Amino acid sequence: MTLAKVWLRIFVTGYVLVFAMWLVSLTTLPPYGDLTRIGHLPEEDFGWTKPAPTIDKSLLKAAPVKDADILVIGDSFSMTLYWQASLVKAGYRVATTYWGQYGTVMCKDFDQWVQRSGFKGKLIIFQSVERLLDERTVTGQTCDKVVKPLEARLEPFVAPAQLPGPDALPNWTARFDTGPEAYFNAWRARKSPVELDFNKNTRVRMLPNGCQYFSHKECEKLPVFIDDIGNGPLTQGTLERIKAFKEAHPAIPQMWIVIPNKNTVYLQPDFSKDFEAGFREARLGPDIYAFARETYPKVMDFYFPNDTHLSMHGQLALGEHMLAAVREVLPVPPAKSP
C-alpha cells in the first residue's frame, strides 16, 4: 500500500469518526441547566422532566422603587420574580434589585443609599444563597459607600426555566464532541460507586431514594455545585456580622432569608447547623432551612436536578412561605395612592 493510500485511509477514517460524533451532538439536547452545562452532562439523563407551573404574567411585574412597600435585595434565586409573585398577588408592591449590580450593599451608607432611591416602604428583604452569604458579610465590613445608585427592573431579570420545546433538535449550537463527551460523562457517573467531579465545577453525588424527589432519568445521582461544599459552612461569625449590620441600619425594618445550598438540603442537612440555630434564635427572618427540609419530600423537583437553583415549583412554595412571614410584619398591604 502506497503512502498516499495510507494517508487517504487515515483521512477517511477520521472524517467518518468526526461526522459520527457530530451526528451524536446534533441529537443531544442543548443544556437547560447550569450544572449540566458547566459539567458537560447530558440533559437526557439529568434534566428535569416535570413541566414547570405557569403563573399569571401580571404577577411578575415589579413595582418602581419609589412606589414599593417591600424592597428585595436578592441574588439569582430572586431574579425570575416567581417567589415574589405570592406577595404581589396578596396586594404588596414589591421592587427587586440584585446584589451583583453593586458588589455589596452592606456598606456604612446603606440607609442613605436607600433613601436616595426614593424608597418609602416598610420592609427590606435581604435574600442570599448560603454559599455566598459569608463572603458578602465579610466584604461589607470594609465598605463605606455603595458604588452605584439603587436600580430595580420592572420585569424579571431572567425568564423562568422551561423544558426544551420540539424545535430544540437538531442542536446546531453544539460542538462536534459535545454529545459524545456528555454521554461518556453520564456513563462514568452512572457506573461509579463514588462521587465524581466534572469540569471542576459539577459534582455528581449519590442520592439514595432520589427518585422520590427528582424527575430526571438518573434520579439516584444528583449533580451539585462544588462551591456548595467548597465555600464552607456559614458560622457564628457570619451571624454576628448580619446582626451588627442590622443594628447599625435601623431606618427601615429588615428581614433576612438564607436559601440553603442544594447540597445542604438533600445531602448534608447539618452543614451550617451552628449558624442555622443562631439565626433562628436571633429571629432575623424565616427559617428557610427548616422550610426546605419539610418541603422537598413533598415537592418533586423542589430544586432543579440539573441546576443549583430552586425550581419553579420550589419558588412558588417559597413564595407562600414568605407571604406568611411578611404578613407577620406587614399584616395588611399598605393602601395604594389614588
Side-chain angles (χ1 to χ4, degrees), residues 62-66 68-79 81 83-84 94-153 157-158 225 227-261 264 271-272 274-276 278-286 288-289 308-309 322 326 329:
V65 172
K66 63 183 180 60
D69 309 312
I70 300 168
L71 173 63
V72 175
I73 300 174
D75 53 32
S76 56
F77 283 74
S78 297
M79 293 179 73
L81 306 188
W83 71 259
Q84 298 95 308
V94 183
T96 298
T97 193
Y98 176 51
W99 284 94
Q101 294 175 241
Y102 315 105
T104 185
V105 299
M106 296 180 66
C107 302
K108 292 178 182 178
D109 74 333
F110 176 78
D111 288 344
Q112 294 76 23
W113 177 70
V114 172
Q115 185 180 25
R116 289 194 295 270
S117 74
F119 178 68
K120 301 179 180 65
K122 305 296 183 182
L123 180 65
I124 296 176
I125 299 176
F126 290 88
Q127 176 273 307
S128 177
V129 67
E130 178 183 13
R131 66 174 175 270
L132 296 177
L133 181 57
D134 188 71
E135 178 185 348
R136 286 168 171 159
T137 63
V138 169
T139 302
Q141 286 191 301
T142 58
C143 180
D144 293 324
K145 185 176 181 180
V146 185
V147 296
K148 294 181 180 179
L150 196 158
E151 296 180 358
R153 299 185 186 182
F157 291 77
V158 296
F225 193 37
D227 283 359
D228 281 5
I229 305 157
N231 284 9
L234 300 179
T235 66
Q236 285 292 331
T238 316
L239 181 65
E240 292 305 318
R241 288 188 287 273
I242 294 173
K243 290 164 66 175
F245 178 81
K246 183 176 180 180
E247 291 169 3
H249 300 91
I252 302 171
Q254 296 179 20
M255 176 184 291
W256 286 75
I257 59 170
V258 183
I259 309 294
N261 299 332
T264 299
F271 190 64
S272 296
D274 293 337
F275 170 85
E276 181 185 344
F279 185 92
R280 190 162 47 240
E281 182 180 351
R283 301 178 66 85
L284 293 169
I288 307 302
Y289 286 87
T308 63
H309 296 94
M322 286 303 301
V326 166
V329 180

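Any value given below was found using the heavy atoms of this structure, including those in side chains, with hydrogens, waters and symmetry copies removed. Remember, predicted model here, so these are calculated numbers, not experimental data.
Not counting sequence neighbours, the partners of D227 by the side chain to side chain contact (heavy atoms under 4.5 Å, CB included) test are R131, F225, N231. Under the rule for a salt bridge (Lys or Arg N to Asp or Glu O under 4.0 Å), E135 has no partner lying at least two apart in sequence or in another chain. Listed by chain and number, the residues in a side chain to side chain donor-acceptor pair (under 3.5 Å) with S76 are H309 (sequence neighbours excluded). The side chain to side chain contact (heavy atoms under 4.5 Å, CB included) test applied to A63 returns A68, R93, not counting sequence neighbours. Partners of T238 under the side chain to side chain donor-acceptor pair (under 3.5 Å) rule, at least two apart in sequence or in another chain, are D134, T235. Remark: Q101 pairs with T97, Y98, E151, F157 by the side chain to side chain contact (heavy atoms under 4.5 Å, CB included) rule, at least two apart or across chains. When the ring-ring contact (aromatic ring centres under 6.0 Å, His included) test is applied to F245, the partners found at least two apart in sequence or on another chain are F110, F126, H249. With sequence neighbours excluded, no residue satisfies side chain to side chain donor-acceptor pair (under 3.5 Å) with R153. Not a single side chain to side chain donor-acceptor pair (under 3.5 Å) links T139 to another residue, sequence neighbours left out. With sequence neighbours left out, the side chain to side chain contact (heavy atoms under 4.5 Å, CB included) criterion links V147 to no other residue. Under the salt bridge (Lys or Arg N to Asp or Glu O under 4.0 Å) criterion, E276 pairs with R280, R293, sequence neighbours left out.
Residue I252 holds its CD1 atom at 5.0 Å from CZ of F119, rounded to the nearest 0.5 Å. With rounding to the nearest 0.5 angstrom, the CG atom of L239 is 9.5 Å from the CG atom of L234. Taken from CD in Q127 to CD1 in I288, the straight-line distance is 9.5 Å, to the nearest 0.5 Å. To the nearest 0.5 angstrom, Q254 atom CD is 14.0 Å from K243 atom NZ.
The side-chain hydrogen bond (donor to acceptor under 3.5 Å, both in side chains) with D109 is formed by just one residue from the set K145, R116, Q115; it is R116. Put simply, the residue from I257, I124, V94 that forms a side-chain contact (heavy atoms from CB on, under 4.5 Å) with V72 is V94.
The shortest heavy-atom contact between R136 and M106 is O-SD, 3.9 Å. Closest non-hydrogen pair, V146 versus V105, comes out as CG2-O, 3.9 Å. Annotation for V258 and F279: closest pair CG2-CE1, 4.1 Å, computed over non-hydrogen atoms. Residue A248 comes nearest to D111 through the heavy atom pair O-OD2, 4.3 Å, listed as atom of the first residue, atom of the second, then distance. Of all heavy-atom pairs spanning A152 and T96, the tightest one is CB-O, 3.2 Å. When all heavy atoms of L284 and I242 are compared, the pair lying nearest together is CD1-CG2, 3.9 Å.
M255 has its side chain within reach of I125: a pair of non-hydrogen atoms, C-beta onward, lies under 4.5 Å apart. The shortest distance between side-chain heavy atoms of T308 and V129 does not fall below 4.5 Å.
The existence of a salt bridge linking K108 and D144 is confirmed by a sub-4.0 Å separation between a basic side-chain nitrogen and an acidic carboxylate oxygen.
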Give the intermediate values and the outcome of side chain to side chain contact (heavy atoms under 4.5 Å, CB included) for residues N261 and F271.
CA-CA 9 Å; N261 299 332; F271 190 64; 4.3 Å; yes
CA sep, side-chain torsions, deciding dist, call: F275, Y289, side chain to side chain contact (heavy atoms under 4.5 Å, CB included)
CA-CA 11 Å; F275 170 85; Y289 286 87; 4.3 Å; yes
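Side chain of Q236 to backbone of D274: a donor-acceptor contact under 3.5 angstrom is found. Although no hydrogens or angles enter the test, the distance criterion places a donor-acceptor pair under 3.5 Å between the side chain of Q84 and the main chain of S78.
For residues 95-138, the pairs satisfying disulfide (SG to SG under 2.5 Å) are C107-C143, with sequence neighbours left out.
Taking the six-membered ring wherever Trp is involved, the centroid distance between the rings of W113 and Y102 falls below 6.0 Å.
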